[in-house]
Amino acid sequence: MSSSHAAQIKGHLLAQVRELFQIELDDLAAEIPPKTELGDLAFPVAFELAKRLKAATGEKQNPRELAQKLADALASLDGVARVEVAGAGYLNIFLDRGRMFADLISMGDDPGAGTETGKLIVEHTSINPNKAAHIGHVRNAVLGDTTVRILRAAGETVEIHNYIDNTGVQVADVVVGFIHLEKKSLEEIRALAGRPFTTREEGFDYYCWDLYSRVGAWYEEDKTRLELRAKTLHEIEAGGNATAEIGELISSRIVDCHLDTMARLDISYDLLARESEILHLHFWTHAFEKLKESGAIVFETEGRNKGCWVMRAEEEALPGAEESEHDADKIIVRSNGTVTYTGKDIAYHLWKLGKLGLDFHYRLLRRDHRGRNVWITTGDEASARHDHPPFGNGTSFLNVIDVGQSYPQANVKRGVMAIDHDERVARSAHLAYEKVTLTPAAAIELGTELSEADSQRQQIGMSGRKGLGVKADDLIDRLEEDALKEVQARHTDLGLEGQRHIAHQIAVAALRFFLLKYTRTSIIAFDFNDALSFDGETGPYIQYSAVRANNIFRKLGRTPDDLRQDFQATSVEQCNRFFSGESGNDLWSLVYFASRLNEVMHVSAAGFEPTHVARYAFQLAKQFNLFYHNFHILREEDEARKLCLLMVADLVRRRLQKALALLGIETPERM
RNA sequence: GCGCCCGUAGCUCAGUUGGAUAGAGCGUUUGGCUACGAACCAAAAGGUCGCAUGUUCGAGUCAUGCCGGGCGCACCA
């Protein structure tokens, strides 16, 4: 509402500028004054006008005088209480508080504006299925999942994919570990993968975590062992042999583990797309034909890339580029005829956009923690099901992948756009985010011995290869334990099940918020103290505020819906009384801030930056806590004022819960 | 060599298209619970926004050049 209101005022202002000064402005900057006392909306339009008028007439103009002329013309506008000129020439608008508040109360949550741009395919998580997930993988998943929640709330149609690289080097390494290092048979591995476990360490994903790092060290001892990797990888890619069967067993079981881990954080997927199917269903050969036809790739007959199909770099390949150590052209098919990763990824993305002319087969993998179907691709037509939802055929895609992959991602998009010229594809993006690293203290806590060089560094990179990292399940376990202690100290009357449930909700809030409070481009140097905190700028702080707001109504014994009926009789004039004076300003600034959730949500959606919603939620919680201390609602004796305060609490309560929901965080019954 | 990201309080980080006195959390010091639950609130201290020029009414934000840190630039994935 406030955003449409602002748009309305803006339109009126533009018309006034046209009429009074004969100047046509494209758009107006609108901002929110630093203090409530200064108004609700501010336009620095007079500065721009003064400049334009001086350019046209050569006469110097006083911005304050110009602003005053506009102020007079705007004062009578509907919904505007008054207009002031402030500072060097700001045009400050005061809204009709009582009226806007009444509108907010009766309105409920307004839906996002549907964009009608077709289906957006968001790919996230995409962890190599060869070991347990760590905190860096969780950043990816939380970022992707939260972005999807925000996009959907903003009216987008989204399909969630999790790409499974089940035929890659990382899986091959673990296969090598089982076969050559541990000398285990298929049956022994199957038993290991299926055995029940009581501790995390006994879990198959944890077992593989250790094995993977042991294999890395084993290669180091004798580099000729790397030939085993190449051979194993080749067998896995080819399929239909014993090695491939082991790879399939391992990757499938690890994918299960990953899905279980992510479910703990309320993260799920519509479809798991596997690389094995992209290979076996010959996606590449189709893509290859299309790329050749379109001229996107060319066959080099001379030079360094002789015998390869390459995607040429953009025009301005500098003279003397041949001399350069690095080549701007991207090889898609090697001179030996094999296709590179970029080529395969282009094929996959053409499928995402329905431009490949081929489809996967699908089978139902599981029902997730919320009872929704999770599908997975299969190459085996016999076991496939036909009652699956329509997958793919998106109009654009969004890939949540760390920033290190920017270069290959740019190449994939370039290749796809050479074939699919739809302007909506241009919307497609690589949602790049920075890594999670470890502080030296965290690395030591994990039992690593730091080298001389490492201890001098600000941060240390996690490494699956070295087995260095904070495992997701370990961290969630610790958060749940800590939260359980707090809950048990506060709510002795709840049974253990109830206490555990709340502790879980708090743990999820703590972890998700911890990963969302940073901007995507900021490296998170993981520190146990920060991550395990429930105080201050944290998810539990926000939950606590929402729970407090709910408690007011519980204590009162009335539901907000009930009270809303009562409030209908309250006049706008009476409301305005409560929003005047010093305490009225404080009250109003809370209401006004609460009214901006949708605005923030749309900004967040447009920039694929969930942190805006996260930070907004924190600020709203903070402002609510201030209100909570300054206005003791249930002790208020003036009944009309009490009702108004209750409505403020209800408005904030609803917005807080919605903001938390957008972040994938639940509001506990009690805390 | 080319490209991208980061540099803001002791620490970790915000700062929407340039706007009014640069903000928060943690930490430090001090005060507030017979409670709409203190997982909270209040107050204090803490800044040459890496450096330098420039653009303009106005720069943490834009441009150019430096300095410092991280990461890319495979016939790997």
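Basis for what follows: all heavy atoms, side chains included, without hydrogens, waters or symmetry-related copies. Order of the sequence lines fixes the chain letters, A, B, ..., with proteins taken first and strands second; residue numbering starts at 1 for each chain.
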Does A:Arg512 make a cation-pi contact with A:Phe514 (under 6.0 Å, within 45 degrees of the axis)? no
Base, sugar-phosphate, or nothing for A:Val310, non-hydrogen atoms under 4.0 angstrom? nothing
Under 4.0 Å from OP1 or OP2 of B:A14: is there any side-chain N or O of A:Ser522 that close? yes
Give A:Tyr433 one of three labels, base, sugar-phosphate or nothing, depending on what nucleic acid heavy atoms sit under 4.0 Å from its own. nothing
Spacing of the C1' atoms in B:G25 and B:C66 (rounded, Å): 34 Å
Does B:C4 pair with anything, Watson-Crick or G-U wobble, both distances under 3.5 Å, and if so, with which nucleotide? B:G70
Hey, would you say the A:Phe513 and A:Tyr541 ring centroids sit under 6.0 Å apart? no
Categorize A:Asn630 for me: base, sugar-phosphate, or nothing, with a 4.0 angstrom heavy-atom threshold over every strand shown. nothing
If you look at every strand shown and take non-hydrogen atoms under 4.0 Å, does A:Thr340 touch a base, only sugar-phosphate, or nothing? sugar-phosphate
A side-chain contact here means heavy atoms from C-beta on lying under 4.5 Å apart; do A:Val310 and A:Lys330 qualify? no
Distance check: side-chain N/O of A:Lys622 vs OP1/OP2 of B:G25, anything under 4.0 Å? yes
For the side chain of A:Glu434, starting at C-beta, report the closest nucleotide among B:A20, B:C5, B:A24. B:C5
Within the 4.0 Å heavy-atom criterion, would you say A:Ile523 contacts the bases, only the backbone, or no part of the nucleic acid? sugar-phosphate
For A:Arg465, does the CZ atom sit with more than 12 other heavy atoms under 6.0 Å from it, leaving out its own atoms? yes
Side-chain N,O (A:Arg548) to OP1/OP2 (B:A38) below 4.0 Å: yes
Does the structure show A:Tyr541 stacking with B:A39, if we require the centres to be closer than 5.5 Å and the planes to be within less than 30 degrees of parallel? no
For a quick check of understanding: with a heavy-atom distance under 4.0 Å over all strands, which category does A:Thr521 fall into, base, sugar-phosphate or nothing? sugar-phosphate
Going by modelled atom types, is there a donor-acceptor pair between the base of B:A20 and the side chain of A:Asn92 at under 3.5 Å? yes
For A:Ala42, answer base if it contacts any base atom (sugar-phosphate contacts may also be present), sugar-phosphate if it contacts only those atoms, and nothing otherwise; contact means non-hydrogen atoms under 4.0 Å. base
I want to confirm an ordering. Mapping A:Ala483 and A:Gln405 to their closest nucleotides on RNA chain B, which one lands closer to the 5' end? A:Ala483
For the P atoms, the ones on B:G7 and on B:G69, what distance do you get once it is rounded to whole angstrom? 16 Å
Output the rounded distance in Å from CZ (A:Phe618) to C1' (B:C41). 13 Å
Nearest to the A:Leu626 side chain among B:A20, B:A24, B:A42, which nucleotide is it? B:A42
Do A:Thr667 and A:Gln543 pair up side chain to side chain, a donor and an acceptor below 3.5 Å, judged on atom types alone? no
Under 4.0 Å, heavy atoms only, any strand: does A:Pro33 hit a base, just the sugar-phosphate, or nothing? base
Looking at every strand, decide which applies to A:Lys306 at a 4.0 Å heavy-atom threshold: base, sugar-phosphate, or nothing. base
Of the listed nucleotides (B:A14, B:C40, B:A77), which one gets closest to any side-chain atom of A:Asp535? B:C40
Nearest to the A:Arg615 side chain among B:G25, B:C13, B:A38, which nucleotide is it? B:C13
Are any of the side-chain heavy atoms of A:Ile278 and A:Tyr163 separated by less than 4.5 Å? yes
Under a 3.5 Å limit for both distances, which nucleotide forms a Watson-Crick or G-U wobble pair with B:A42, could you say? B:U30
Would you mind building the protein contact string for nucleotides 29-34 of chain B? One character per nucleotide, 5' to 3', B for base within reach (heavy atoms under 4.0 Å), S for sugar-phosphate only, - for untouched. ---B--
Under 4.0 Å, counting only non-hydrogen atoms across every strand here, what does A:Arg635 touch: a base, just sugar-phosphate, or nothing? sugar-phosphate
Would you say the ring centroid of A:Phe534 lies under 6.0 angstrom from that of A:Tyr544? no
What is the distance, rounded to the nearest whole Å, between atom NE2 of A:His612 and atom P of B:C13? 17 Å
In whole Å, what is the span from the CG atom of A:Asn166 to the C1' atom of B:A77? 13 Å
Rounded to whole angstrom, note down the P distance from B:U16 over to B:A22. 16 Å
More than 12 foreign heavy atoms under 6.0 Å from CD of A:Gln68: is that the case here? yes
Can you tell which of B:C75, B:C40, B:G19 lies closest to the side chain of A:Asn305? B:C75
For nucleotides B:U61 and B:G1, find the distance between their C1' atoms and express it as a whole number of Å. 30 Å
Would you tell me whether A:Thr611 and A:Arg520 have side-chain atoms, one donor and one acceptor, within less than 3.5 Å of each other? no
Below the 4.0 Å mark, does B:A39 have OP1 or OP2 next to a side-chain nitrogen or oxygen of A:Tyr544? yes
To the nearest angstrom, how far is A:Gln459 atom CD from B:U12 atom C1'? 12 Å
Parallel, tilted or perpendicular: ring planes of A:Trp284 versus A:Phe288, cut at 30 and 60 degrees: parallel
Report the base-pairing partner of B:C51 (Watson-Crick or G-U wobble, both distances below 3.5 angstrom), or none. B:G65
In whole angstroms, how far is the P atom of B:A14 from the CG atom of A:Leu515? 14 Å
Per atom distances to the A:Glu31 side chain, the nearest of B:A39, B:G19, B:U56 is B:G19
Given that both distances must come in under 3.5 Å, which nucleotide forms a Watson-Crick or G-U wobble pair with B:U16? none
Flag for A:Gln170-A:Asp165: side-chain donor and acceptor within less than 3.5 Å: no
When rounded to the nearest Å, what value does the distance between C1' atoms of B:U29 and B:G10 take? 14 Å
Measure the distance from CD on A:Glu302 to C1' on B:C75 and round it to the nearest whole Å. 18 Å
Lys NZ or Arg CZ of A:Arg52 over A:Phe47 ring: under 6.0 Å, within 45°: no
Take atom C1' in B:A45 and the same atom in B:G31, then report the distance between them in whole Å. 15 Å
Shortest side-chain distance from A:Pro540, nucleotide among B:A20, B:G25, B:A39: B:A39
Classify A:Ala30 by what it touches in the nucleic acid, base, sugar-phosphate, or nothing, heavy-atom distance under 4.0 Å. base
Whole angstroms only, please: what is the CZ-P distance between A:Phe534 and B:G25? 19 Å
Nucleotide B:G23, atom C1' - distance to CD1 of A:Ile32 in whole Å: 16 Å
Atom P, compared across B:A42 and B:G47: separation rounded to whole Å: 22 Å
Regarding A:Tyr518, tell me which of base, sugar-phosphate or nothing describes its non-hydrogen contacts under 4.0 Å with the strands shown. sugar-phosphate
Which residue lies more 5' along RNA chain B, comparing A:Arg520 with A:Gly87 via nearest heavy atoms: A:Arg520
Answer yes or no: side-chain N or O of A:Ser335 and base N or O of B:C75 forming a donor-acceptor pair under 3.5 Å. yes
Separation of the P atoms in B:G27 and B:U64, to the nearest angstrom: 42 Å
